[in-house]
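Everything below concerns the one structure shown next.
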Protein chains: 2
Amino acid sequence: MSHKNRTPHPMCPLSDCMAFIGGAWTPNILWHLAQGPRRFSELRADIPLVSAKVLTQRLRELEERGILLRIVSQGTAASVEYRLTELGLEFLPVIQAIAQVSLRLKRRAIAAA
Amino acid sequence: MSHKNRTPHPMCPLSDCMAFIGGAWTPNILWHLAQGPRRFSELRADIPLVSAKVLTQRLRELEERGILLRIVSQGTAASVEYRLTELGLEFLPVIQAIAQVSLRLKRRAIAAA
DNA sequence: CAGCATCCCACGGGATACTG
DNA sequence: CAGTATCCCGTGGGATGCTG
């Protein structure tokens, strides 16, 4: 999606949502946060191939847009928790639809092989 | 989306689907084809801001991946029709979910204003 | 632990002009 | 009508190294 015009045209009925989940890793982040709040390092473990830089970028972006909350707990070591807001929960139907189609495609691929 | 690794990691449960609809305009193309087969120029009218180059690229890509069919009709003038395959139809739940969330977000924005 | 800084590049996409 | 050809560019993202 991808670069300058992530929201291609205001009149497109899909742009408003795609502007949020357009990033390469964003859907996966949301998917893992759907199970419940998670810490930074947990998300890194969930999505091994994402770099720390990009993960931070996406999380900050999602925070700015009100999709998730960043909660810093002051303990002996730094600890930050991310959790979906109510607005963030609204995206779950999309995430789940994507997951279901992915599953179907995988089965199809297996059946074809 | 994405550039090099549009399919971030095989183990991500969303990658298989996102690899297809990751392109900036792809969801919109699918959305307009969901209503029925459409010609090239019609799609251009549906999505005014997409360039011919990119539209062609996405359509070719979707054809290669078996999501749509490209049907050339030989008449007085060149005419090409694009229609979703059965595989393509499998993506409609995602497209519809995206459309619904977009609608909700729009209402939310209006309510906030 | 949870980042930030820096450097670097591939690729998606835009603009314009031209063709069968 | 339905593209192709060419040039150009911004941004998302990767890699590595460092910090509070």
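So that the names make sense, note that chain A is the first sequence line, chain B the second, and so on, each numbered from 1. Note that the coordinates shown come from a computational prediction; the quantities given were computed from them, not determined experimentally.
A/Arg39 forms no cation-pi arrangement with A/Tyr82, by the criterion of a distance under 6.0 Å to the ring centre and an angle within 45° of the ring axis.
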Between protein and nucleotides 4-7 of chain D, what N or O pairs are separated by less than 3.5 Å?
from	atom 1	to	atom 2	distance (Å)
D/dT4	OP1	B/Arg60	NH2	3.1

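Note: CD1 (A/Ile71) to P (C/dG3) measures 12 Å, nearest angstrom. One can place CH2 of A/Trp25 at 10 Å from C1' of D/dG14, the figure rounded to the nearest angstrom. For the pair A/Arg44 CZ and C/dA2 P, the interatomic distance rounds to 11 Å; values are reported in whole Å. Atom P of nucleotide C/dG12 and atom CD of B/Glu61 are separated by 8 Å, given to the nearest angstrom. Protein atom CD1 of A/Ile47 is 15 Å distant from nucleotide atom C1' of C/dA2, rounded to whole Å. Whole-Å rounding puts the B/Leu55 CG to C/dG12 P distance at 16 Å. As a whole-Å value, the separation of B/Leu43 CG from D/dA2 P is 9 Å. Going from atom CD of B/Glu63 over to atom P of D/dA2 covers 15 Å, rounded to whole Å.
Between A/Val94 and A/Ile21, the shortest heavy-atom distance links the atoms CG1-CD1, 3.8 Å. Across all their heavy atoms, B/Gly66 and B/Thr85 have their closest contact at O-OG1, 2.6 Å. A pairwise comparison of heavy atoms in A/Leu68 and A/Leu59 identifies CD1-O, 3.7 Å as the closest pair.
Using a cut-off of 4.0 Å between Lys/Arg side-chain N and Asp/Glu carboxylate O, A/Arg83 and A/Glu81 are scored as salt-bridged.
Rounding to the nearest 0.5 Å gives a distance of 11.5 Å between CG of B/Leu14 and CD of A/Gln100.
Note on the helix from C/dC1-D/dG20 to C/dG20-D/dC1: terminal axis deviation equals 60°, with five pairs used at each end and the result rounded to 10°.
In terms of phosphate contacts, B/Arg39 brings no side-chain nitrogen or oxygen within less than 4.0 Å of OP1 or OP2 of D/dC1.
At least one donor-acceptor pair closer than 3.5 Å links the side chain of A/Arg44 to the backbone N or O of A/Val50. The backbone N or O of B/Ala19 lies less than 3.5 Å from a partner atom in the side chain of B/Arg65, making a donor-acceptor pair. Looking at B/Thr56, its side chain does come within 3.5 Å of a backbone N or O of B/Ala52 through a donor-acceptor pair.
For the pair A/Ala78 and B/Arg70, both in contact range of DNA chain D, the more 5′-proximal nearest nucleotide belongs to B/Arg70.
The listed nucleotides are C/dG14, C/dC1, C/dG12; the one nearest the side chain of B/Arg58 is C/dG12. Closest approach to the B/Ser51 side chain among C/dG14, C/dG13, C/dC1 is made by C/dG14 (side chain taken as heavy atoms from C-beta onward).
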